[in-house]
J.: 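Encoded as structure tokens, here's the structure I'll be asking about.
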Amino acid sequence: MRIAVVMKLVPDVVEELVLSEDGKRLERGDIALKANEFDEQALEQALLLKESSGAELTVIAAETGDVDEMLYTALAKGADRALKLVGDGLQDGIWNAQYAGILVDVIADVGADAVLTGVQANDDLDGQLATWLAAGLGWSFATVVSGVEAAGESLIAKKEFAGGLTANLRLPLPAVLGIQASPEPPRYAPISRVRQIMKTQSLEEREVTAPAGSITVLSLRPPEKTGGAEMIEGDVQAKAARIAEVLAQQGI
Amino acid sequence: MPTGTDLPVAQRAVFEGFQHSWLVPLFYVLATVALIIFFYGVYRRVGRYRAGKRATLVRGWPRRIARSLMEVLTSRRIGRRDRYTGVAHAFIFWAFGFLFLGTTTIFLDHDVLGLVAPSLEFWKGAFFLGFSVVMDVSAALFIIGLVMMAVRRAFFSTFRLSYRRVDGKQQDRSAYEREDWWFLGQLLLIGVTGLLLEAFRLIHDHPWFQGYSPVGLAVAKGFEALGMTAPSAGEAHFVTWWVHAFLALTFIAYIPYAKSVHMLASWANAAARDEKAAVVLPTQETGAQTIPLTPIAANLTWKQLLAVDACTKCGRCHEVCPARTSGAPLSPRDLVLDLREFLGGRRGTAAAAQGTLSAAATALRDDGSPLISADVLWSCTTCRACIEVCPVGIEHVPLIVGMRQTLVEEGEMDQNLAQALMNLGRKGNSFGQSERARAKWAEQAGVPIKDARTEHCEYLWFVGDFASYDPRAQRVSQSVARVLHHLGVDFGILFESERNAGNDARRIGEEGLFESLAEKNMKALSQASFDRIFTTDPHSYNTLKNEYPAYGLECEVLHYTQLLQRLAAEGKMQIVAPQDITVTYHDPCYLGRYNRVFDAPRELIRLTGATLLEMPRNREESFCCGAGGGRIFTGDSLYGEKPAESRIREAAGLHGIESFVVACPKDMAMYTDAAKTAGYEQQIAVEDVIFLIERALGIGAKTPEEVNA
């Protein structure tokens, strides 16, 4: 089996988000980017599959920012190849539909028969990547998956539904999977090994052209504060009085 | 007793009363065999150490040997915390030493001088009489010391002498107990037969100088009172002589093969001991090594192989270890004993070092599990109590860190710990917060704080992670800033250019991350302008002071309590509001045991007017809060009881304690939590020493209640 794990950079919301002057996009030069954490789950799931069934594992990421460290870390964790997609316009960020458009050819060239990627990302404004990819490739598809096992020419994907239902789905290869969670948390790659990989291995690069975007953003703005919780202070008597007052006000 | 010059010269014959001419040569043959067996054992041991890796010792051999001599001769490290055992060991050690020297003297006089230069023989006359008294008293002390040890072993319920494992593994360790008793018993038999020998000889000969053997004479009188006569004493002497000789010779032959090897290995290890063990961990250049969880001789240094032989199973480390005390699977003693048992066979040979042993002999243990489990290794807080208390100088923490490096390499760690390491790698702080938010606390300090990157300052304040990001510790940082500003200290910080100093990362076993953090900090430091550094965090203090010099840091590094102590000595601290409260002080491991800063915080507490009561475990014996060595990131999964709660209870046992004073931002977090969870929140306020000082200086008027609010 050949597995491709598709990763992407997303805005790091721990850091301050800066809007561009026209208010239509994030100022990519001023914000911090990090690997999408669901993609890290997909990578861990792929590594587990590799360990259990001997797959070849290629990690792919478009250069929408500095992806080198993310790709080298994936190699340090045990990926066999790392492919960096480069091209004009990528640095400003791309929509998932565009990313999927680029990836269809790339995945065919890699020869992958299974594609794993994160179930979602914090910048999914136009739907999830896994869905777009499955549509573009025309492969069998499952998303919100929290466990994958290889079974001959197919994959068994564990998928959770509302109400605590769990289903095991059999997907004939080739298949696209949107990973919600890996059975094991993402492993830690020691810095010394990442540094070693940086010295001894290089990233493969491939020139790509992004298709035109399909949606237009009219405006972006930070969420506005609406209401909030009231901390009730004082001794037991005072607290009880205040609670009674609030209940009365709300007409409960 | 007859006196005067007409007396014959005091002396006695060697091999007195031997009637068959072949008996004396037989003794020499047996003695030679014993020595051959002894030297073969030593040779094998040394061979094992030679199979280990090279390790460069820090220089100063004369000082090392002098230090270990003093430790051995005074039984100082054995008697610490345990006077009884110290005295008993000193009796045995000194008596054994004199008796050994005595036997050697007779050998030199009789077997060397007697053959080559009989005119020079000196074992007679006045020397003989002095010799006689010393030997006689030594034999008595030897027996007393051994009986004291036997009584302790048999009747004192000394916890540390129990060999029960704490990691749940089943192991029959009765052989250890038999070995201990045989060691004691054989020495006791040697001592008693030696004394009997003397008594029988006195009954048989009654020489004029019998008073020079006071103890022997008393025993002789006892036997005579029971009816022993000179002829029967002569016969008893002959039999006892051989029993004594046989026991002594087997003991000598047996020394390198059993517990008695500590007579050689522990001394050697005490000399090789590194005073900075764990304080400065070895770098790649100085022999840093990743140690497998199931090591063979080739994976360890000769020094570590010597150390596992040096262990006497005294259990002091087992007793003080905060992990063991809290129900975690780690016992430093068992770690060392597991290594010793495993390396005792072929895995500890040169063949293992050269890789010529079969895979089966060098691989895992029989059940396929690693010798030292991950849980054992992750239990360690690196508090250094084991190293501090070990009487023979075993260095447990660097061994544990070496094996943790293997775990990090394999990614086998608690998920919280992995997250902390990723945060440290990406953001330079374990909280995973924005680098830009590092100095946010400074905005609320209420005083201006210089940017050391753009302005020269006398002191560069290396704030550290917890003091920058943890809300409880931020108040400590703000208070430090106000106090220093009040005292007119010229200081600045690195703002978002500061990274975690890496002390914990290194002790977690993530050496690459430590190097990366150290390089980033060194770059930021080299671009700032300052004369000296001080830190809030004892962990940062340890690595900056002791490990950063290897990365080029050359200036003086202080803890803020040391800086304030200096200012106080210069008379700059004007106490306007003496603090009339009773407090206790907790020594942080990395400030106290690691760097011997015990007095500065105490002097500051007294200066504020507070009454300081000491907890039973104080200074070198301070009990770890449980946060060190990365444990603060791993949660309490391996621990039954939180060490910090045990510590709070210890403080609560003191009469009238109002404040539990700390000098470490991590302690601030650990003990505020522990005081809550242990139910002492209303009774004891947890506060940093800086809060006391701030109140005493009249800057802030916060009471302990407000401080903990």
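Lettering of chains follows the sequences in order, A, B, ..., and the numbering in each one begins at 1. Source: prediction; values computed, not measured. The figures here come from the full heavy-atom set of this structure, side chains too, leaving out hydrogens, waters and symmetry mates.
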J.: Using distance alone, with no hydrogens and no angle criterion, decide if B:D375 and B:S373 have a side-chain donor and acceptor under 3.5 Å apart.
T.: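 No pair is found: no donor N or O on one side chain lies under 3.5 Å from an acceptor on the other.
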
J.: Measuring heavy-atom distances to chain A, does B:E409 have an atom under 4.5 Å in its side chain, in its backbone, in both, or in neither?
T.: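 Both parts, backbone and side chain.
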
J.: Taking every heavy-atom pair that is under 4.5 Å apart, which of B:K427, B:M422, B:M413 has the most such pairs with chain A?
T.: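 Sorted descending by pairs with chain A, the first entry is B:K427.
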
J.: Using heavy-atom distances under 4.5 Å, tell me whether A:K77 contacts chain B through its side chain, its backbone, both, or neither.
T.: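 Answer is neither: A:K77 stays 4.5 Å or more from chain B.
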
J.: If you count heavy-atom pairs within less than 4.5 Å of chain A, which of B:A437, B:S516, B:A418, B:S434 leads?
T.: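 Heavy-atom pairs under 4.5 Å are most numerous for B:S434.
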
J.: Using a cut-off of under 4.5 Å for heavy-atom pairs, which of B:E410, B:Q419, B:E435, B:R426 has the most such pairs with chain A?
T.: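 Going by pairs under 4.5 Å, I would pick B:R426.
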
J.: Search all heavy atoms of B:P329 against all heavy atoms of B:V376 and return the closest pair with its distance.
T.: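 Taking B:P329 first and B:V376 second, the nearest heavy atoms are O-CG2, 3.6 Å.
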
J.: So, B:N500 versus B:D465: side-chain donor-acceptor pair below 3.5 Å or not?
T.: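 On atom types as modelled, these side chains qualify, holding a pair under 3.5 Å.
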
J.: Classify the side-chain pair A:N96/A:D124 by whether it contains a donor and acceptor separated by less than 3.5 Å.
T.: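 There is such a pair between these side chains.
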
J.: Given side chain to side chain contact (heavy atoms under 4.5 Å, CB included), test A:E149 with A:S53 step by step and report yes or no.
T.: CA-CA 9 Å; A:E149 281 170 32; A:S53 339; over 6 Å; no

